[in-house]
Amino acid sequence: MTLPVIEKARAGDLVLGTFVFEFATHGIGRLAAHAGAEFVLFDAEHTGWGWETLGGLVATTRPTGAPAWIRIPSAFDRTTVSRALDVGASGIMAPMVGSAEVAAQLVDWATYPPDGSRGAAFGVAHDDYRAGDNVATMRRANSDNVVICQIETVAGLEAVEEIAAVPGVDVVWVGHFDLTNSMGIPGQFDHPDYLAALDRVAKAAADTGTIAGFMPTSVEQATDLVARGYSLLAYNGDLWLYQQALAAGITAIRSATSSGS
């Protein structure tokens, strides 16, 4: 279930998941979950995946108990939010959220009445095609579904305190490459201004009872983030993990079998 994962992170306990960008197989979510991922994020911003593909990825992840979330495209609208949730995702990540107003609109679209304006469809993928008490379904979804706002621009950073304070926002998540691009220090992850930005996002989350999130690509980076107050981490992405593991294995075999060994 989603709620225990989010409550665990909100309490400051480390929650580890992963991102999926490339391998649209029916096994990828289960592979991640059985490797220990506590949530799986499927990317629809930087991939060419359509809703049929995303629906299949979510459906085959749901039985593991690890929440399946979708990062929606940056040009999002009400329909994008609805489709991500209606295909079965139990949360959305929205890129480049730059204001509290945008964050509030996302929450509204993701939430059923009377709290929001999400359109009603029941007995579909998000219900596992089961009939039931529709009012109870709406209440449960409003309680459990996750809204993640990415802080990836100077505008978002300057408004992060207000974004984190929007009721219904669960996570403020640093998109580090885009953020440094926006700050005019592309890829300078040791720059004092970037490090100060990391701390500002973590403080905004702590002050509002929300969660600070990030996608680290190394143990060292993850350790530093946890020390800064980040408790929801998606460790790397499928394509990079595969490539790194393959490269490491091939290099090791060549070294072990070289004529000089």
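- Judged by distance alone, the side chain of N145 and the main-chain N or O of G91 form no donor-acceptor pair under 3.5 Å.
- Taking CG from L41 and CE from M93, the interatomic distance works out to 4.5 Å, rounded to the nearest 0.5 Å.
- Two different hydrophobic clusters hold M96 and I92 under the rule that ILVMFWY side chains link at heavy-atom gaps under 4.5 Å.
- Side-chain atoms of R118 do not come within 3.5 Å of backbone N or O of M138 as any donor-acceptor pair.
- At least one donor-acceptor pair closer than 3.5 Å links the side chain of R62 to the backbone N or O of G88.
- Residue Y242 qualifies as open at atom OH: its count of foreign heavy atoms under 6.0 Å is 12 or below.
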Report task. Take V172 and I211 through the side chain to side chain contact (heavy atoms under 4.5 Å, CB included) test and state the conclusion after the steps. Result -> CA-CA 6 Å; V172 282; I211 299 160; over 6 Å; no
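- No side-chain donor from either of T137 and N134 sits under 3.5 Å from a side-chain acceptor of the other.
- Side-chain heavy atoms closer than 4.5 Å link hydrophobic residues (I, L, V, M, F, W, Y) into clusters, and following such links, even through other members, never connects F189 to W173.
- Separating the OG atom in S231 from the CZ atom in R10 is a distance of 9.5 Å, to the nearest 0.5 Å.
- There is a side-chain donor-acceptor pair under 3.5 Å between R71 and Q150.
- The six-membered or imidazole ring of H46 lies away from that of F21, with a centre-to-centre distance of 6.0 Å or more.
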**Report entry** Criterion salt bridge (charged side-chain N to carboxylate O under 4.0 Å, His left out) on K203 and E161, from CA distance to verdict
**Finding:** CA-CA 8 Å; K203 184 177 187 305; E161 292 82 8; over 6 Å; no
Query raised in the report: How far apart are the C-alpha atoms of V15 and L233, what are their side-chain angles, what is the distance that settles it, and do they pass the side chain to side chain contact (heavy atoms under 4.5 Å, CB included) test?
Result: CA-CA 6 Å; V15 173; L233 302 180; over 6 Å; no
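- Between the side chain of H126 and the backbone N or O of A84, no donor-acceptor pair lies under 3.5 Å.
- Under the 4.5 Å side-chain heavy-atom criterion for ILVMFWY residues, no single connected hydrophobic cluster contains both V146 and V102.
- Connection of I163 to V201 is established within a shared hydrophobic cluster, with ILVMFWY side chains joined at heavy-atom distances below 4.5 Å, either directly or through further cluster members.
- For the residue pair S117 / D108, a side-chain donor-acceptor distance below 3.5 Å is found, with atom types taken as modelled.
- Here the CD1 atom belonging to I70 is positioned 8.0 Å from the CG atom belonging to L85, to the nearest 0.5 angstrom.
- Judged purely by atom type and a 3.5 angstrom limit, Q221 uses its side chain to pair as donor or acceptor with the backbone of T217.
- Within a 6.0 Å sphere centred on CD of Q244, other residues, nucleotides and ligands contribute more than 12 heavy atoms.
- To the nearest 0.5 Å, atoms CD (E7) and CG (D144) are separated by 9.5 Å.
- With D170 contributing its side chain and V147 its backbone, the two residues share a donor-acceptor pair below 3.5 Å.
- Within the 3.5 Å criterion, the main-chain N or O of G187 finds a donor-acceptor partner in the side chain of T180.
- Annotation for V169 and C149: closest pair CG2-SG, 4.0 Å, computed over non-hydrogen atoms.
- W109 CH2 to T79 OG1: the interatomic distance, rounded to the nearest 0.5 Å, is 9.0 Å.
- Ring-centre distance between W69 and F39: below the 6.0 Å cut-off.
- Around CZ of R78, the count of heavy atoms belonging to other residues, nucleotides or ligands within 6.0 Å exceeds 12.
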Report task. Go through the steps to decide whether V171 and F214 satisfy the test side chain to side chain contact (heavy atoms under 4.5 Å, CB included), and finish with yes or no. Result -> CA-CA 10 Å; V171 184; F214 198 98; over 6 Å; no
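- Residues F177 and V97 share a single hydrophobic cluster, defined by chaining ILVMFWY side chains whose heavy atoms lie under 4.5 Å apart.
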Query raised in the report: Do F42 and F19 pass the ring-ring contact (aromatic ring centres under 6.0 Å, His included) test, and can you show the C-alpha distance, the side-chain angles, and the key distance before you say yes or no?
Result: CA-CA 6 Å; F42 294 102; F19 245 113; 9.3 Å; no
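- At distances below 3.5 Å, not a single donor-acceptor pair connects side-chain atoms of S143 with backbone N or O atoms of R139.
- With hydrogens and angles ignored, the 3.5 Å screen pairs no side-chain donor or acceptor of S255 with any backbone N or O of T251.
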Requested in this report: Please assess V219 against Y235 for the test side chain to side chain contact (heavy atoms under 4.5 Å, CB included), listing each intermediate value before the final yes or no.
Outcome: CA-CA 9 Å; V219 173; Y235 174 60; 5.5 Å; no
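- With rounding to the nearest 0.5 Å, the separation of OG in S74 from CD in E152 is 8.5 Å.
- At distances below 3.5 Å, not a single donor-acceptor pair connects side-chain atoms of E45 with backbone N or O atoms of P73.
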